[in-house]
Amino acid sequence: MNTQEDTGAYLEVQNLVKYFGNDRAVDDISFAVPKGAFLTLLGPSGCGKTTTLMSVAGLHSIDGGRIRVGDVVYTSPSEGLFLPPEKRDIGMVFQSYAIWPHMTVAKNVSYPLEIRKVNQSEIDDRVNEVLALVGLTAETDKLATNLSGGQQQRASLARAIVAKPRLLLFDEPLSNLDLKLREQMRVELKRIQNEVGITAIYVTHDQSEALVMSDEIIVMSKGKIEQRGGPLEIYSRPVNEYVSNFIGVANLLKAKVRDTNGSGQGVVEVSQDGQTMTVPCQMGPGIGAGDDAVLSVRPENVHAVRESNGGNIVEGEVTNAIFLGNYVDCRVKWGSFEWKVIAHPRTRLKAGEKVFLEFDPEHTLAVQP
Ligand SMILES: Nc1ncnc2c1ncn2[C@@H]1O[C@H](COP(=O)(O)OP(=O)(O)OP(=O)(O)O)[C@@H](O)[C@H]1O
Ligand SMILES: [Mg+2]
């Protein structure tokens, strides 16, 4: 049996399986989170994010696997273990604010301490402290209904952390807020989680939210994990076409691996409408010589130049160049493929001109289809 001591993980989800009828909503996923870390489950609607979170919270039963936090096993059907949700010591924040409208902010936030029978003077201290942390000191005695959306979400967060739970679970907490507030709250929520040091699992389908907030991201699809890694790793080293496409923008072309050097680099061939390009690039995991692969290049890693200096691979025509201040968003036609290219404004690229596209092998990837 694994314990916290021998894996270093604080939260451990092993081989979690959850069916709804005959559908596997969560299909054998495993992950571990170190104490104090912020992990995000990211993926499109219906991929199993909420189901995974609810499994950790104990808000539904699971069909297989084991969930442990610290030295406490939350759920393990094979061992006949199921800790009821109220004993799991978890703080939760949802999309709907879920605060009690007929109570003041202070009363809403003190509730978790009251049910734990904490004495009144400690309750007052803790509530004041946590309201200061989320920036609601001036709202302490207001009725919860009189708060703005952003303030209500801060109050929910204050209530979730006031009793210093073992775990914080967030399910799309910012998606009811307008864009500007959402962007501000991302940073703030992450700061607060970091300050209180409570291990968090955060669910979102918003990739920029995931990139901004997370220590680690798990990208999910159809109940399975596609990739796990830090934000930079997920963005710059996606392991397959799905992740390349889901996170950020990428030029994706079918490719054949011609050669690999065994230490992560190789050469792929891409054919398009009778033209062929040969590209030195990084090999993603599980890709070898002769394999079908997908060439994945971010627009900022494609360099459009007017003068070929020999190493250029593709010659194309600029079909669109939109000046956006600090960069130019270009499309370059190569056969029937349109490259997305981000160019520096001083290149002054214009629609209709011929350009060469250069690729830096360090930032050009062959990934699994
Ligand atoms: N209570 C339920 N009964 C039946 N099927 C369910 C139930 N809850 C979820 N599902 C199904 O399980 C799958 C995963 O759902 P889940 O709610 O975990 O997705 P999600 O990733 O949170 O999506 P979203 O981004 O839309 O919230 C979906 O196919 C969904 O229809
Ligand atoms: Mg959901």
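Indexing begins at 1, ligand by ligand and atom by atom, following the structure's order.
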Cationic tip of Lys333 within the cone over Phe337's six-membered ring, i.e. under 6.0 Å and within 45° of the normal?
no
If only side-chain N and O atoms count, and only distance matters, is there a donor-acceptor pair under 3.5 Å linking Gln153 with Ser156?
yes
Under the side chain to side chain donor-acceptor pair (under 3.5 Å) test against Tyr202, which residue among Gln193, Glu209, Lys49, Lys190 passes?
Glu209
Residue by residue, ordered by chain and number, which ones reach under 4.0 Å of ligand 1 with a heavy atom?
Phe20, Ala25, Pro44, Ser45, Gly46, Cys47, Gly48, Lys49, Thr50, Thr51, Glu172
Under 2.8 Å from the Mg ion (ligand 2) - does any N, O or S atom of Ser45 fall there?
no
For Tyr10 and Arg68, which I'm curious about, is there any donor-acceptor pair between the side chains at under 3.5 Å?
no
Distance-only polar pair, side chains of Thr104 and Asp141, donor-acceptor under 3.5 Å:
no
Just by distance, no angles: are the side chains of Arg88 and Tyr74 close enough, under 3.5 Å, to form a donor-acceptor pair?
no
